[in-house]
Each structure stands twice: as C-alpha cells, then as structure tokens.
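Both counts, for ligands and for their atoms, begin at 1 and track the order of listing. Keep in mind it's a predicted model, so treat the numbers as computed, not measured.
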Amino acid sequence: MIIVLKPEVTKAEIDHIMDRLKERGLTGHVSQGVERSIIGVIGDERVIEALPFAAIPGIEKAMPILKPYKLASRDFKKENTVIDVNGVKIGDRKVPIIAGPCSVEKKDLLLEIAKEIKACGASFIRGGAFKPRTSPYAFQGLGEEGLKYLAEAREATGLPVVTELMDSRDLDLIVKYADVIQIGARNMQNFRLLLDVGKVDKPVILKRGLSATIKEFLMSAEYIMSQGNHKVILCERGIRTYETATRNTLDLSAIPVLKQLTHLPVVVDPSHGVGKWDLVAPMAKAAVAAGADGLLIEVHPLPEEALSDGEQSLKYKVFRQLMGDLRRVAAAVDREI
Ligand code: PEP
Ligand code: MN
C-alpha cells in the first residue's frame, strides 16, 4: 500500500503513522518527494487493507501497489535510486564502468589490469574469486586468495571491488573484501542466498537469470530488499533464446522497461551478453544510448591465456578505444562516463 501524505503533514503525524503501522506488525518506508511525501507499507495484505487510513491525521489517500514487487517498484519510489560506493555513484548522471578479468588469476596480472583500466577511466575493478562454471573440472576460482588480490588492487588504484558470491557460506569473506557483492545469473533465484545478502549493508549487483522474465528479475530484487538492503543494482547480461550466433541474446529493451517499472539502477554486461569480444563494443555503446546506468566489461591482456571467458574479453587497446567512443555516446544522451 502507498500512503500519500498531505502536503502540510507534520513530523509528529508521520511518527504517529509509523507507530500505528509498527504496532500492527507492518513496515513503513518514508520516501520524501519534491512535492509530496509517501509511505510505502509492506506486510500482511489483509492487515494493511483493514487499516482505517481516512481516520489517521496527515494522510491524504491510500492506494494499493498492484505490482507483486513492492519495494522495487517505481510506484513505491518515484525518484531514481542512486547508490554510493566509496564515493562512486551508480544511478546518477555519470555512467560508471566496471571492468576487469572474468576470474582473478595471478596477483601481478590483476594489479596490472586494475592500473590499466583505471588509466582508461573505469570506476570499479571486477573479478571472480568464486566462479560458477558449467563444468566441475573447469577452473573454479582462487577463493580467499583471489579476494586478497582484489583488495590489493583496490589499495593500489582506489577502485572499489565487485566480486561474485555463490554461496552463503562465503558471505562473511566476501563482505570483508568486496565493496559490491555480485549475485550471478545462475543464482538469481537462489532465494536463500538473496535473503542472506538482504541482511548485509553492502550494495548488490543482481544479474538477470538465464531465462528470467523481467517480473521474476524484479521479484528477486524484492527478496533482497525485503530484508532491509535496498542497495540493489540490476544487471542485464543476456538471456537464453533460440539464437546461437551469440552466447546469449542481450535484451537491451530491458533497460527502458526496467526504468519504467523500478527506481533501481540498471547496468548492462555486454561481455556475457554476446560472448564474443568483437561484438562487445557495439552493444556497450547501444546500452549507454538506451539509458544504462553502468557497464560491466571483461578485460584481459592475454585473452588466449585467460582461465575463463577469454573469447569475450577485451584487450587493453580495444578497451581504451571503447572508453573514448563511450564518452561520445554518453554525451549524446546527456550522460557522462
Ligand atoms: C561473470 O560476471 O563472470 C559471470 C559469471 O556472470 P553471469 O553470472 O552473468 O554468467
Ligand atoms: Mn565471465
């Protein structure tokens, strides 16, 4: 339910409404708008419907949120959510670029990549220490050792770290080393994992599942938010279709669709979206043109020797060229890289 407050509502009236909600086991989230403030009410629908809204001072009207996702919905919060990670904003006018290897491999290599992408203008270093591989015999990541290398790369460059959490058993470790927790496509509907990251105070990049609809994607964001962590960044990374020319089908229409339905930032991962290095740049540019709030791009100096996803990784020179092109695309849509 959305409670629309009267323009002249007082702080005492808002406190009173919040108390009333609390005593019925409901949670209220106040959202201060430019013209009007609202309270989004979450909890047992039957209890909410029984509330005598018209009798409570300060309330103008109450409207049900018809979408199954509530906290994530644009109805709940009109203004775009901007997430601040160590001073780097996601969801603002500036479009941060998250770059780095698919997997963290060697320390020196990671440090070199971090320095290189920073020099090109990237805002985050990414790299997996726990890798969701299709084959159990493929490289599974360096675990904590890899997280330590990421922390050293942050130390050396100042770039905040994005890395994937695959299992709640590693949550404390990831929280200790990472600035943003990535939930991979394969875990988008691992509901227990979502609930667990919902309880920590760290931004989460939630990747769209391989066959997830937009509604399912937003319901997964809702799982995280329902536990109190509202710092969710959605990531379109391509979906499974009948097409085999690309690794996945990058659904760029998801950007404007999500922008209508939710206030959460939307970033795009063209690397996994297409799976081929020479197709990454055009889709990265298209994503920024379509309104993406950030990009996730895999970079590796020796793609042939990469332990995972070499075929979709950009060499430094290609990445540098792309960053220049992205600046011009961003300017054309009144954004900045
Ligand atoms: C990755 O970012 O390296 C990754 C494994 O992504 P996804 O979960 O989208 O496949
Ligand atoms: Mn990868």
Side-chain angles (χ1 to χ4, degrees), residues 96-105 109-110 113 117 122 124-136 138-143 146-147 149-150 160-167 170 174 178-190 193-194 197 203-212 216-217 220-221 224 232-241 246-252 254-255 258 266-277 279-280 283-284 287 292 294-315 319:
I97 309 299
I98 303 160
C102 178
S103 302
V104 177
E105 300 175 0
L109 179 63
L110 186 73
I113 297 174
I117 59 157
F124 290 86
I125 173 85
R126 63 141 285 148
F130 296 95
K131 294 303 302 176
R133 305 304 301 278
T134 303
S135 164
F139 176 61
Q140 304 285 311
L142 296 179
L147 297 176
Y149 299 167
L150 284 165
V161 166
V162 176
T163 197
E164 178 164 352
L165 170 71
M166 281 176 57
D167 187 311
D170 303 315
I174 297 275
D179 300 292
V180 179
I181 303 172
Q182 177 174 316
I183 297 293
R186 289 154 193 81
N187 272 318
M188 190 206 82
Q189 285 189 315
N190 182 341
L193 186 62
L194 301 179
V197 295
V204 176
I205 289 185
L206 175 66
K207 292 188 120 190
R208 182 176 180 183
L210 277 67
S211 309
E216 288 163 341
F217 191 16
S220 290
I224 300 172
V232 179
I233 300 138
L234 302 166
C235 178
E236 163 60 42
R237 49 77 71 202
I239 49 173
R240 277 268 161 95
T241 67
T246 45
R247 181 177 178 181
N248 291 292
T249 298
L250 187 63
D251 179 11
L252 288 182
I255 309 166
L258 286 166
V266 179
V267 305
V268 170
D269 170 358
S271 304
H272 293 87
V274 294
K276 292 182 180 167
W277 73 270
L279 302 178
V280 171
M283 298 316 277
L295 295 176
L296 201 149
I297 297 176
E298 288 186 340
V299 174
H300 197 290
L302 293 164
E304 279 174 52
E305 289 171 29
L307 296 180
S308 58
D309 286 350
E311 60 284 12
Q312 67 193 33
S313 298
L314 302 190
K315 291 184 183 174
F319 181 64

Inset, instruction - Identify, by name, the N, O or S atom of Glu298 lying closest to the Mn ion (ligand 2). - result: OE2
Inset, instruction - For the Mn ion (ligand 2), find the closest N/O/S atom belonging to Asp309 and write down its atom name. - result: OD2
Legend entry - Point-to-point distance, once rounded to the nearest 0.5 Å, from CD1 of Ile205 to CZ of Phe124: 7.0 Å
Legend entry - Interatomic spacing from CG in Leu110 to CD in Glu105 - rounded to 0.5 Å: 9.0 Å
Legend entry - Protein residues that have a heavy atom under 4.0 Å from any atom of ligand 1, sorted by chain and number: Cys102, Arg126, Lys131, Pro132, Glu164, Gln182, Gly184, Ala185, Arg186, Lys207, Arg237, His272, Glu298
Legend entry - Side-chain heavy-atom pair Ser271, Leu296 within 4.5 angstrom cut-off: no
Inset, instruction - Taking the side chain as every heavy atom from C-beta outward, state whether Cys102 and Lys131 have any pair of such atoms under 4.5 Å apart. - result: yes
Inset, instruction - Go through the side-chain N and O atoms of Asp309 and His272 and say whether any donor and acceptor fall under 3.5 Å apart. - result: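 His272 and Asp309 do have a side-chain donor-acceptor pair below 3.5 Å.
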Legend entry - Criterion side chain to side chain contact (heavy atoms under 4.5 Å, CB included) against Phe130, the qualifying member of Asp167, Leu147, Leu165: Leu147
Inset, instruction - Could you give me the CA-CA distance, side-chain angles and deciding distance for Arg186 and Leu210, then say whether side chain to side chain contact (heavy atoms under 4.5 Å, CB included) is met? - result: CA-CA 7 Å; Arg186 289 154 193 81; Leu210 277 67; 4.1 Å; yes
